[in-house]
Trainee: 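Here's a structure for you.
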Amino acid sequence: VVSQILDSLAPVVFKIGITCTPFLRWRAYEREGYQKMHLLHVTEEPGLVQMMEAALISEFQGRAGCRNVAKGGEGPVGQAPYFAYLVVVSCGDGA
């Protein structure tokens, strides 16, 4: 799913993360200039979403446009449900 989203918007700048408050997290990214937030997974289990985040970052960290610096799995802080997300900003048509 992540590859399909990134390919459909390429070229793109993106970040993968986890949160307990997707709306508030989106508002922060929106202020940074991101255009879309895709919720990839929701769970009551923090360990599951932490592993998913770390695996996705590992898979995509070397891809052009990735802005993840940390390896992932550090959060989230707060109560369930926990969300894995992808935020993106399209950089034009590549021309």
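Hydrogens, waters and symmetry mates are skipped; everything else that's a heavy atom, side chains included, is used.
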Trainee: Would a single hydrophobic cluster contain both I5 and V87, if residues Ile, Leu, Val, Met, Phe, Trp and Tyr are joined by side-chain heavy-atom contacts under 4.5 Å?
Mentor: no

Trainee: With no hydrogens and no angle check, is any side-chain donor or acceptor of E53 less than 3.5 Å from a backbone partner on M51?
Mentor: no

Trainee: Please answer whether the main-chain N or O of S90 pairs with a side-chain N or O of Q35 as donor and acceptor at a distance below 3.5 Å.
Mentor: yes

Trainee: So, taking the atom named CG in L6 and the one named NE2 in H38, what distance separates them when rounded to the nearest 0.5 Å?
Mentor: 8.5 Å

Trainee: Hey, does the side chain of T43 reach the backbone of E45 with a donor-acceptor pair shorter than 3.5 angstrom?
Mentor: yes

Trainee: What's the spacing between Y85 OH and W26 CH2 if we round to 0.5 Å?
Mentor: 11.0 Å

Trainee: With rounding to the nearest 0.5 angstrom, report the SG to CD1 distance, C66 to I57.
Mentor: 7.0 Å

Trainee: Is there a donor-acceptor pair closer than 3.5 Å between any side-chain N or O of E44 and the backbone N or O of Y82?
Mentor: no

Trainee: Enter the distance from T19:OG1 to M37:CE here, rounded to the nearest 0.5 Å.
Mentor: 6.5 Å

Trainee: Applying a strict under-4.5 Å side-chain criterion to I, L, V, M, F, W and Y, I'd like to know whether L56 and F14 cluster together.
Mentor: yes

Trainee: Please report the shortest heavy-atom distance between F83 and V49, naming the atom on each side.
Mentor: C-CG2, 3.8 Å

Trainee: Quick check: does any side chain N or O of N68 sit under 3.5 Å from a backbone N or O of K15, one acting as donor and the other as acceptor?
Mentor: no

Trainee: Any pair with a residue in residues 29-39 that passes salt bridge (charged side-chain N to carboxylate O under 4.0 Å, His left out), sequence neighbours left out, goes on the list, sorted by first then second residue, please.
Mentor: R27-E30

Trainee: Rounded to the nearest 0.5 Å, what separation is found between the OG atom of S3 and the CD atom of E59?
Mentor: 6.5 Å

